*Asks:* 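Take this structure, written in structure tokens, and hold onto it; I'll ask about it next.
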Amino acid sequence: MARTDDIIRRLINAHGTNDPLKIAAQNKIMVLFEELGKNIWGYYACINRIPSIHINNRLDDFQTLFAIAHELGHHKMHPGINTPFLRKNTLFSIDKIEREANDFAMKLIIGNNKPECAETKQCFLLRCGIPEEFHVFY
Ligand SMILES: [Zn+2]
């Protein structure tokens, strides 16, 4: 998705990082780690124009990174839209905004990394620190 590529390129240039937590902080988006039970990974809320990202405190390191990047994607790409909770089983949602947020998350985490010549998708994504279960989003 060309629009996503464009947004991410500008975001990384403006912030000097592809770290979603740092980008959120620089955008004055609160990232809160909460008890959200077994199924909800996170959600994005904007109340009285104050944006916040809520992340399940039980997620592992990569899931946390992905969930923050996904919610940041909603903030950047879907302002004013009420987005659904991110759940493990809706990672594979066919909903357009969810697919866009997953695409955004993957591209942000990949950042400025480029596949090397003859490098497989799997090798490339692993080199970017992305576990195999997420490769389907690339
Ligand atoms: Zn979402």
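In this text the structure is predicted, and so the values were computed from the model without any measurement. Just so you know, ligand 1 is whichever comes first in the structure, and atom 1 is the first atom listed for that ligand.
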*Asks:* Side chains of Glu98 and His74: donor-acceptor distance under 3.5 Å anywhere?
*Replies:* yes
*Asks:* Are any N, O or S atoms from Glu71 nearer to the Zn ion (ligand 1) than 2.8 Å?
*Replies:* no
*Asks:* Considering just N/O/S atoms, say which atom of His70 is closest to the Zn ion (ligand 1).
*Replies:* NE2
*Asks:* Which value, rounded to 10°, describes the NE2(His74)-the Zn ion (ligand 1)-OE2(Glu98) angle?
*Replies:* 80°
*Asks:* For Phe134 and Phe137, take the angle between the two ring planes, folded into 0 to 90°, and tell me which bin it lands in: parallel under 30, tilted 30 to 60, perpendicular over 60.
*Replies:* tilted
*Asks:* Testing the basics here: between Ile53 and Ile68, what is the closest heavy-atom pair and its distance to 0.1 Å?
*Replies:* CD1-O, 4.0 Å
*Asks:* With respect to Lys107, which candidate in Asp5, Asn18, Asn102 satisfies the side-chain hydrogen bond (donor to acceptor under 3.5 Å, both in side chains) definition?
*Replies:* Asp5
